[in-house]
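A quick write-up on the structure given underneath.
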Amino acid sequence: EQSIGKIIKKKPEGLKGKFKEAVGDHDTFILELANNVEDARVANMIATLLLMDYIFFEGGSPIRFNPVDQSCQCNCWNWYCCGCLCPCHCQCGGNQGGGYQQ
């Protein structure tokens with residue numbers, strides 16, 4: 001089986017880059033292709049790259065604050081299993097009773 005290329009998610013550089021990725025929506029990918037790749041396969045690899053970015057990294061901000069119940073939710077990671085994307089998160093604060101307090 002011949003490899004036509006690979007997609008690599010570039011790790012953030014330095015503390016500033018790690019912070020920007022943790023609280024924002026900034027991702028950098030590298031697309032490496034073999035030399036004699038047909039145009040249709042190049043287009044397919046670019047489409048795959050965009051789809052992977054959308055599925056795995058465009059789930060919104062990793063840290064969300066709900067002003068109604070004053071809770072903070074942090075998405076720790078996304079677990080991909082059998083075609084499903086399952087977010088693993090923790091929540092702090094908020095109204096534990098589930099209703100609105102006056």
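Here the structure is a predicted model, which is why all the values come from computation and not from measurement. Index from 1, following the sequence.
- Across every non-hydrogen atom of Q73 and H89, the tightest pair is NE2-CD2, 2.8 Å.
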Show which side-chain atoms of residues 8-16 pair as donor or acceptor with protein atoms under 3.5 Å away, not counting sequence neighbours.
unit_1 : atom_1 : unit_2 : atom_2 : d
K9     : NZ     : E21    : OE1    : 3.2
K9     : NZ     : E21    : OE2    : 3.3

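- Test T48, V42, N44 against I46 for side-chain contact (heavy atoms from CB on, under 4.5 Å) and you get one pass: V42.
- Few gaps surround CZ on F29; more than 12 heavy atoms of other groups in view lie less than 6.0 Å from it.
- Linking Ile, Leu, Val, Met, Phe, Trp and Tyr residues whenever their side-chain heavy atoms come within less than 4.5 Å places L51 and I7 in a single cluster.
- Under the rule for a side chain to side chain donor-acceptor pair (under 3.5 Å), the partners of Q91 that lie at least two apart in sequence or sit in another chain are S71.
- Counting all heavy atoms, side chain and backbone alike, V37 lies closest to I4 at CG2-O, 3.8 Å.
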